[in-house]
Amino acid sequence: MNRSFYSASLAGIASLILALLCLGAQAQIQDANEVAAEPQLSEEQQQYIAWAQQTWDGMERRTGTVELPGGVASLEVPDSFYYLNPEDSKVVLEEIWGNPEGELGLGMLFPMDVTPFDGDSWGVTIEYSEEGYIRDDDAAEIDYSELLQDMQASTREESAYRVENGYESISLVGWAERPYYDTEQKKLYWAKELAFGEMESNTLNYNIRVLGRKGVLVLNFIAGMSQLEDIKQSRDAVLAMTSFNPGYRYEEFDPEIDKVAAYGLGALVTGKVLAKTGLLAGLLLFLKKAWILIPLAFGALFKLFRRGGKGDQ
């Protein structure tokens, strides 16, 4: 072998090794800088994250066909969403999002790419109110501006009750989306903008009501106002998941044997019916405020276990 070629080869290998060593050193420095840049969690925050991990791992997240409790309705949950049962949903609403204690509902729906702990999460509560068949022949005559004023007055009364019991005050700012009723699908939806206490950003409650033979399915999106467009884009997908089971569908109403509700569509929008049936004095009061428990700066930490846990199906 030519000596000059051999020397050149050795020099090339030495240069390659030196370059690799330099890259390794740079990577170590970068890793050290990233570790140093990570926020230092307090003991309380570490405990909260540990609790969040344990809670998330223990939740059963379902897709596909879901029979809702009571046998009245069912869901067809696509892979882009997951369903939580009533018990897990109660944990989300009260322990994670900090709402007042309430009755068990029928569960909740979430987008598959978030957990309830994420700062950008939103969810849909599901309830059922069996107050009878709701006639919709007055749908075109409802004055929604007048209804809004009535709702704002009722919210002020509820706010006083909340403050007396140690919760934030609440005010109804106005419509985030005016009510709309689909006469063919028998589905009513609207959105409210709510202000809670001293919170800098307002809360969005996007409401859906699905009319049935003996009552109504109550679906409420709980999110921030900044997520309104996301909710609008997801609304039809959520509506498509829900259906009454045979025997409970609107078109199966029998005037000879079925009870007719004492109210119409307007009462569904005002929320007065919910208070009468014991559903937490108005589901419009739910909000998401997990950021109070741990700063949003640490929200990305929850992304690490989003896909983990024994509950995934």
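Under a 4.0 Å N-O distance rule, the pair Arg235/Glu177 qualifies as a salt bridge. Ion pairing of Glu229 with Lys232 is present here, as a side-chain N (NZ or NE/NH1/NH2) and a carboxylate O approach within less than 4.0 Å.
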Query - Tyr133/Tyr250 under side-chain hydrogen bond (donor to acceptor under 3.5 Å, both in side chains): CA gap, chis, key distance, verdict - result: CA-CA 8 Å; Tyr133 175 86; Tyr250 194 83; 3.2 Å; yes
Requested in this report: Determine, step by step, whether Arg213 and Asp258 satisfy the salt bridge (charged side-chain N to carboxylate O under 4.0 Å, His left out) criterion, reporting the C-alpha distance in whole Å, the side-chain angles of both residues, the deciding distance to 0.1 Å, and the verdict.
Outcome: CA-CA 8 Å; Arg213 174 183 176 180; Asp258 292 333; 2.6 Å; yes
Report task. Would you sort out whether Val210 and Lys186 count as a side chain to side chain contact (heavy atoms under 4.5 Å, CB included), showing the intermediate values? Result -> CA-CA 6 Å; Val210 184; Lys186 306 302 178 184; over 6 Å; no
**Report entry** Intermediate values then yes/no, side chain to side chain contact (heavy atoms under 4.5 Å, CB included), Ile126 and Val218
**Finding:** CA-CA 6 Å; Ile126 308 171; Val218 179; over 6 Å; no
Requested in this report: Carefully, step by step, assess Glu130 and Tyr128 under the rule side-chain hydrogen bond (donor to acceptor under 3.5 Å, both in side chains).
Outcome: CA-CA 6 Å; Glu130 187 167 300; Tyr128 176 67; 3.2 Å; yes
Report task. Give the intermediate values and the outcome of salt bridge (charged side-chain N to carboxylate O under 4.0 Å, His left out) for residues Arg62 and Glu67. Result -> CA-CA 11 Å; Arg62 298 181 57 188; Glu67 288 291 336; over 6 Å; no
Query - CA sep, side-chain torsions, deciding dist, call: Arg249, Glu252, salt bridge (charged side-chain N to carboxylate O under 4.0 Å, His left out) - result: CA-CA 5 Å; Arg249 295 168 181 165; Glu252 297 174 313; 5.1 Å; no
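Proximity of Asn99 to Tyr167: side-chain heavy atoms (C-beta onward) are nowhere separated by under 4.5 Å. Here the side chains of Val124 and Met108 are not in contact, with every heavy-atom distance at 4.5 Å or above. Side-chain contact check for Ser243 versus Ser74: some heavy-atom pair is nearer than 4.5 Å. Side-chain contact between Met112 and Phe81 is absent, with no heavy atoms from C-beta onward closer than 4.5 Å.
The two atoms that bring Met241 and Leu109 nearest to each other are SD-CD1, 3.9 Å, heavy atoms only.
When Trp190, Tyr189, Trp122, Phe110 are each tested for a ring-ring contact (aromatic ring centres under 6.0 Å, His included) with Phe221, only one passes: Trp122. Between Asn220 and the choices Lys192, Glu127, Arg209, the side-chain hydrogen bond (donor to acceptor under 3.5 Å, both in side chains) rule is met once, by Arg209.
Legend: ring-ring contact (aromatic ring centres under 6.0 Å, His included) pairs involving residues 222-247, not counting sequence neighbours: none detected.
Side-chain heavy atoms closer than 4.5 Å link hydrophobic residues (I, L, V, M, F, W, Y) into clusters, and following such links, even through other members, never connects Val163 to Val173.
Checking Glu193 against Asn202 by side-chain atom types alone, a donor-acceptor pair falls below 3.5 Å.
The number of heavy atoms from other shown groups lying within 6.0 Å of CZ (Arg135) does not exceed 12. Applying the 6.0 Å contact sphere to CD of Gln54 captures no more than 12 heavy atoms from other residues, nucleotides or ligands.
In this structure, CH2 in Trp97 is found 5.5 Å from CD1 in Ile222, a value given to the nearest 0.5 Å.
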